[in-house]
Amino acid sequence: MKRIAVMTSGGDAPGMNAAVRAVVRAGLDKQVEVYGIRQAFQGLLAGDIALLSSREVSGILQRGGTVLQTARNEEFKTAAGQRKGRRRLNEHGIEGVIVIGGDGSMRGALALHKMGVPVIGIPASIDNDIWGTDTSIGVDTALNTILDAVDRLRDTATSHNRAFVIEVMGRDCGYLAVMGGILGGAEIVVTPENGVTMNEIAVALEDAYVRGKSHAIAILAEGAPYQGPELARFLQQKHMGFEIRLTILGHTQRGGSPTAFDRLLATRMGVYAVDLLLGGADGMMVARVGRDQNPIELAECSARTRQITPEYFGLAKILSR
Ligand code: F6P
């Protein structure tokens with residue numbers, strides 16, 4: 001292989017740039033040209049593909065977001081779109097592609113693989129919902145952003161004897177909520193998985209008040225069965241001792257400079273993905289398991305969703321006392 005391409009796709013995640021840099025420099029190290037596909041599958045269809053030099057990826061290691069940009073795209077989900085994508089790669093003489101992104105992006109990568117394009121995926125999504133890998137690029141940074149916010153909100157909550165509902169991201173997976181709860185000291189955590197009712201939250205917060213706590217925190221995943229505003233209104237009407245305030249962290253969780261952990265994860269995964277591609281692997285995703293990196297089938301990881309280790313729900317409960 002003499003010419004490969006890299007794209008970042010789906011929701012951006014801190015550390016994507018570090019992964020792009022690693023792919024480009026690992027390619028150059030092996031005398032392979034690396035092209036950047038801008039705006040993910042949308043850019044692929046538009047032929048927005050350009051050679052990346054080592055200098056072009058200078059100074060991006062520490063930057064959040066993605067210099068290649070990203071976009072959600074419907075056309076590539078169709079057979080006609082996938083054919084067009086294959087044609088665009090042929091036009092540029094691209095022999096293999098590295099896709100950096102979340103579970104939807106891994107399904108796009110699998111579609112390219114099925115069109116006969118050698119493909120390697122790199123998991124990047126703050127949600128930590130990608131099957132087969134212990135963690136994905138961006139999770140650690142997002143979690144640290146959440147903890148910073150929870151710590152600040154606890155300061156003001158304590159000053160006013162208030163309870164805060166804090167809504168964090170996580171469409172289908174409550175990983176950020178559970179870990180934010182354990183590590184941020186929340187009284188209760190609500191996720192798409194754990195089925196906690198609004199009433200149970202009211203009971204937990206009232207209990208915290210009765211036990212003499214000066215603040216209380218409920219962390220709610222965005223994918224929970226009810227949203228932050230609805231929950232905050234419900235709790236306000238319950239008059240359980242604390243005044244209620246709501247903070248939705250939203251896209252602040254997606255930005256920011258990647259942590260040391262995410263920079264290392266992205267750098268190792270980027271270099272490993274190039275090794276796999278040039279070594280003849282195809283239709284695989286890089287997975288971190290323990291301290292190691294292994295290839296796993298894209299077909300397997302794009303068909304399933306990573307589950308939260310049940311132990312964490314137990315920890316969140318025990319430590320909320
Ligand atoms: O998948 C990552 C994620 O941040 C989810 O947690 C969230 O539901 C979604 O992306 C938001 O997407 P958008 O950037 O399109 O608002």
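Note that ligands are numbered from 1 as they come in the structure, with each ligand's atoms numbered from 1 the same way.
- Nearest protein neighbour of atom 7 (C) of ligand 1, counting heavy atoms only, is Glu222 OE1, 3.3 Å.
- Residue Met169 approaches ligand 1 through these ligand atoms, each under 4.0 Å from one of its heavy atoms: 4 (O), 6 (O).
- Under the 3.5 Å distance criterion, the side-chain polar atoms of Asn17 are matched with a main-chain donor or acceptor of Gly64.
- For ligand 1, the atoms sitting less than 4.0 Å from at least one non-hydrogen atom of Arg254 are 3 (C), 4 (O), 9 (C), 10 (O), 11 (C), 12 (O), 13 (P), 14 (O), numbered in the order shown with element in parentheses.
- For ligand 1, the atoms lying closer than 4.0 Å to a non-hydrogen atom of Arg171 are 1 (O), 6 (O), 8 (O), 9 (C).
- Side chain of Thr78 to backbone of Gly81: a donor-acceptor contact under 3.5 angstrom is found.
- At the top of the distance list for atom 13 (P) of ligand 1, counting protein heavy atoms only, stands Arg72 NH2, 3.4 Å.
- Taking atom 1 (O) of ligand 1 as the reference point, the nearest protein heavy-atom neighbour is Asp127 OD2, 3.0 Å.
- For Arg107 (side chain) and Ser302 (main-chain N/O), a donor-acceptor pair under 3.5 Å exists by modelled atom type.
- No part of Gln253 comes within 4.0 Å of ligand 1, judged by heavy-atom distances.
- If you number the atoms of ligand 1 from 1 as listed, the ones under 4.0 Å from a heavy atom of His251 come out as 13 (P), 14 (O), 16 (O).
- A salt bridge is absent between Glu230 and Arg233: the closest approach of a Lys/Arg side-chain nitrogen to an acidic carboxylate oxygen does not fall below 4.0 angstrom.
- The shortest separation from a heavy atom of Gly170 to ligand 1 is under 4.0 Å, placing the residue in contact.
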**Item:** Residue pair Asp207, Arg211: steps toward the salt bridge (charged side-chain N to carboxylate O under 4.0 Å, His left out) verdict
**Value:** CA-CA 6 Å; Asp207 186 47; Arg211 281 184 289 118; 3.1 Å; yes
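- In this structure, Phe76 and Phe41 have parallel ring planes: the angle between them is below the 30° cut-off, well short of the 60° mark.
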**Request:** Starting from the C-alpha separation in whole Å, work towards a yes-or-no answer on side chain to side chain donor-acceptor pair (under 3.5 Å) for Asn161 and His215.
**Result:** CA-CA 5 Å; Asn161 254 309; His215 63 267; over 6 Å; no
